[in-house]
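Take a look at the structure set out below.
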2 protein chains.
Amino acid sequence: MSIADYPFAPLGGAEDRAMAIREQLREAIIDRRLAPGTKLGEAEVGALFDVSRTVVRSALQMLSFEGLVRSERNRGSFVANPSPEEARQVFDSRRLIEPALAAAAIERIGPADVARFRELLAEEDRLMGQRGTSVRRAEIRASGDFHLELARVAGNAVLARFMEELVARSSLVIALYGRTGASSCGHADHGSILGALEQRDAALAASLLVHHIDHIEADLDLRPASGLGLREALASE
Amino acid sequence: MSIADYPFAPLGGAEDRAMAIREQLREAIIDRRLAPGTKLGEAEVGALFDVSRTVVRSALQMLSFEGLVRSERNRGSFVANPSPEEARQVFDSRRLIEPALAAAAIERIGPADVARFRELLAEEDRLMGQRGTSVRRAEIRASGDFHLELARVAGNAVLARFMEELVARSSLVIALYGRTGASSCGHADHGSILGALEQRDAALAASLLVHHIDHIEADLDLRPASGLGLREALASE
DNA sequence: ACGGCCAACTTTGTATGCAATCTGGTCGAC
DNA sequence: GTCGACCAGATTGCATACAAAGTTGGCCGT
């Protein structure tokens, strides 16, 4: 897969171009349009978006900080290729943070928030009814959005930013190690989690969230990957 | 206070200059040599380190991602000026993450780790015996190092990176809102926390950590700051 | 005298050029 | 025939030049 396959919008108003490119690349990565290991050459990306390498470097640096891109000095940037160990750490972190977010969200959730959650669920439902790879991508993103909304409602901007990173990296991990396309298996979970939030049952919400994350992780094949160096080498081009 | 006051080392080997500058600025900020609100002009910083603005921009962008620097488009970068609300969120996040780190660390801690912890404690002791502002700075950093070591021992690189950010931002918050110089008040806490880790008592370690963080936060004056805009204006130059 | 406007200066945003480093291939020696 | 060194191409790292936005101070009009 080449980044040239990505049909990007013309960057309309483009307030901050580096940020816009970061967003585009980010979505491409978590939507799995850009495979892990894909090289992101500064010149190539710059040509695609019609900006100089300066701007591209800025965007790539941001993505590198988020863990979505791995940069090697004098070699270039590549879509990250998280190891099974990294994957475990990401999910461990989520199991730690998300129940706390739920507890905080329960203190603050209002009707408007519930409505937004329901919109997200409806979108997930709509996508689940369809078939096709692009639909599947949108579905994965919508699933992540549910967790991001949870972080937003919880009202802790610091944790929300962490969650943004964790959700993005989760998508990458699922792309790499997902056994089935069953990332959607957790959809029903989202509904029950929202229910727990509405009932202000923090313990239940926390329990459901942990199980939800367990489910997602259980669908992964995190075995050390036989020829690790080899596999990585093969995957990187 | 001007950044020109900072006596930086000549950047010896300088593998990655942007990273080196980031590190220098970072230490200057958490050591409170750079006051919150201080403007970090690209040209000025570049002249100090004898590099082009390109490199400085890269360093500032990293710091901006860490929350230590606030960048405004077409206006410049400033040492961050966290609001009381942000401060609370930082400490809330630490209260969430650190007990979990302690639990994980207990599973992995070994003699070498204990030795390292003891070194850090000894360093804190040594610094606490002295007087002077530069000593106080070193002491604050040493105190942070204890928590970073905890994150390292816990073995979760994702959470360790989060903690690095949280500790750094905590230093900034203490600089802004600290009532006494009593950030050291928690020193004894570190000793007992290490004791709990050695005894493999996760519940005790978690409890001690939470109280420790409570202590630090309790020493802050997080009232909304009377003339907010004015204060900010005064602090920014 | 006060308020708004304009112009010069300052600072940041972006593009481009050059040097350094790495990659891959080819040629030569053993 | 294989291994090693060297060379050409490509790519990144950094510096500089130019463009755009913002800020400051003074000037003019009311």
Side-chain angles (χ1 to χ4, degrees), chain A residues 2-4 8 10-25 34 37-65 69-80 229-230 232-237, chain B residues 2-4 8 10-25 34 37-65 69-80 229-230 232-237:
Chain A
S2 160
I3 66 176
F8 57 88
L11 293 178
E15 177 182 309
D16 188 332
R17 300 199 271 174
M19 199 68 88
I21 291 174
R22 160 184 173 272
E23 215 58 51
Q24 300 257 10
L25 287 177
L34 285 172
T38 304
K39 164 138 195 179
L40 301 171
E42 297 177 359
E44 189 183 1
V45 177
L48 268 175
F49 289 96
D50 196 39
V51 295
S52 75
R53 293 197 296 121
T54 307
V55 180
V56 175
R57 282 178 75 83
S58 176
L60 289 176
Q61 187 180 8
M62 292 190 254
L63 291 167
S64 176
F65 256 72
V69 159
R70 166 180 46 93
S71 287
E72 297 176 30
R73 184 181 174 87
N74 283 325
R75 286 199 20 87
S77 301
F78 307 82
V79 177
L230 177 60
E232 199 173 317
L234 291 174
S236 73
E237 200 68 37
Chain B
S2 160
I3 66 177
F8 57 87
L11 292 179
E15 177 183 310
D16 189 332
R17 300 200 270 175
M19 199 68 90
I21 291 174
R22 160 184 174 270
E23 215 59 50
Q24 300 258 11
L25 288 178
L34 285 172
T38 304
K39 165 138 194 180
L40 301 172
E42 297 178 359
E44 189 183 1
V45 177
L48 268 174
F49 289 95
D50 195 40
V51 296
S52 76
R53 292 199 298 121
T54 307
V55 179
V56 175
R57 282 178 75 82
S58 177
L60 290 176
Q61 186 180 5
M62 292 191 252
L63 291 167
S64 175
F65 257 70
V69 159
R70 167 180 43 93
S71 288
E72 297 176 29
R73 183 180 175 87
N74 284 323
R75 285 198 21 87
S77 300
F78 307 82
V79 177
L230 176 60
E232 196 173 319
L234 290 173
S236 73
E237 201 66 40

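Note on naming: letters A, B, ... go to the chains in the order of the sequence lines (proteins, then strands), and numbering restarts at 1 for each one.
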Measuring from atom [atom1] of [X] to atom [atom2] of [Y], what distance do you get when rounded to the nearest 0.5 angstrom?
X: A:Phe49; Y: A:Arg17; atom1: CZ; atom2: CZ; result: 12.5 Å
X: A:Met62; Y: B:Ser64; atom1: CE; atom2: OG; result: 9.0 Å
X: B:Ser77; Y: B:Lys39; atom1: OG; atom2: NZ; result: 8.0 Å
X: B:Leu40; Y: B:Leu34; atom1: CG; atom2: CG; result: 6.0 Å
X: A:Asp16; Y: B:Ser71; atom1: CG; atom2: OG; result: 10.5 Å

OP1 or OP2 of [N] less than 4.0 angstrom from a side-chain nitrogen or oxygen of [X], does that happen here?
X: B:Arg73; N: C:dT12; result: no
X: A:Arg17; N: C:dT14; result: yes
X: B:Lys39; N: C:dT12; result: yes
X: B:Arg75; N: D:dT23; result: yes

Rounding to a whole Å, what distance do you find between [X]:[atom1] and [N]:[atom2]?
X: B:Phe78; N: C:dT11; atom1: CZ; atom2: P; answer: 11 Å
X: B:Glu72; N: C:dT10; atom1: CD; atom2: P; answer: 21 Å
X: A:Glu42; N: C:dT14; atom1: CD; atom2: P; answer: 15 Å
X: B:Asn74; N: C:dT12; atom1: CG; atom2: C1'; answer: 6 Å
X: A:Asp16; N: D:dA20; atom1: CG; atom2: C1'; answer: 14 Å

Could you walk me through whether A:Leu60 and A:Leu25 pass the side-chain contact (heavy atoms from CB on, under 4.5 Å) check?
CA-CA 9 Å; A:Leu60 289 176; A:Leu25 287 177; 4.2 Å; yes
Near DNA chain D, which residues from residues 52-65 of chain B have a heavy atom under 4.0 Å away?
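Listed by number, they are B:Ser52, B:Arg53, B:Thr54, B:Val55.
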